[in-house]
Amino acid sequence: MDTPLASLGASEPGAVHVIVGATHSRILLSGEIDADIVADLHQATQDVQEAGLPVEIDAHHVTFMDSTGVAFLARLTAISDRPVRMLRTPPTVRFLLEVTSIGELLQIDDDADSEPTDPAATFDADLEPARTGAPSTPEIG
């Protein structure tokens, strides 16, 4: 009998994807946001800084975040001249934002917490992938 990995306490590796559009950059985070993907987080920071657009972070599929993720969010607020928006923030991440006070530096969009009725409405039609992180083989540099 096969047992699903989730029931064995297996964790989902973290992933970072940056999508740059004409009006904003969106960072999609999923899985465990920790030191295992630090190179991908640094690359994402560089990608959005080069784009120079407002930044949105979709954290809907984040299952865990440690101080690496908190530092990443702090870096994003430091490099952006506009408020960084946090979309669809799961309760575990929201709690971390509150206890570390990083949430005070972010614009948390409570209206974006629920699943959109039209998945295409989540993204601008003009958004194109800038980079996708591969957590198993992070870039160095």
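Just so it is clear, the structure is predicted and the values come from calculations on it, not from any experiment.
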Q | Distance, nearest 0.5 Å, that separates CZ of F72 from CG of D34 | A |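 Nearest 0.5 Å value for the CZ-CG distance: 13.5 Å.
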Q) CG of D109 to OG1 of T89: how many Å apart, nearest 0.5 Å? A)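 Reported value, rounded in 0.5 Å steps: 8.5 Å.
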Q: Let me see the working for L73 and T100 under side chain to side chain contact (heavy atoms under 4.5 Å, CB included), right down to the final yes or no.
A: CA-CA 11 Å; L73 297 175; T100 62; over 6 Å; no
Q.
Check whether T63 reaches the backbone of G31 with its side chain - one donor and one acceptor, N or O, closer than 3.5 Å.
A.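 Such a contact is found between T63 side chain and G31 backbone.
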Q) Do any N or O atoms from the side chain of S80 and from the backbone of T77 form a donor-acceptor pair under 3.5 angstrom? A)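 Judged by distance alone, no pair lies under 3.5 Å.
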Q: Check whether V38 and I27 end up in the same hydrophobic cluster, where Ile, Leu, Val, Met, Phe, Trp and Tyr are linked by side-chain heavy atoms less than 4.5 Å apart.
A: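 V38 does not cluster with I27.
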Q | Same apolar cluster: F64 and V16, side chain cutoff 4.5 Å | A |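 They do not share one cluster, since no chain of ILVMFWY contacts under 4.5 Å joins F64 to V16.
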Q.
Can you tell me which residue among R85, M86, E98 is in a side-chain contact (heavy atoms from CB on, under 4.5 Å) with I108?
A.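 Exactly one candidate clears the test, M86.
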Q) What residue among L53, V48, L87 forms side-chain contact (heavy atoms from CB on, under 4.5 Å) with R26? A)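 For R26, the side-chain contact (heavy atoms from CB on, under 4.5 Å) check succeeds only for L87.
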Q: Could you give me the CA-CA distance, side-chain angles and deciding distance for M65 and E32, then say whether side chain to side chain contact (heavy atoms under 4.5 Å, CB included) is met?
A: CA-CA 6 Å; M65 182 181 286; E32 295 189 359; over 6 Å; no
Q.
Between R75 and H42, does the side chain to side chain contact (heavy atoms under 4.5 Å, CB included) criterion hold? Intermediate values first, please.
A. CA-CA 9 Å; R75 264 194 316 279; H42 284 295; 3.8 Å; yes
Q: Sequence neighbours left out, what passes side-chain hydrogen bond (donor to acceptor under 3.5 Å, both in side chains) with T68? Give chain and number order.
A: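 side-chain hydrogen bond (donor to acceptor under 3.5 Å, both in side chains) check on T68 returns D66.
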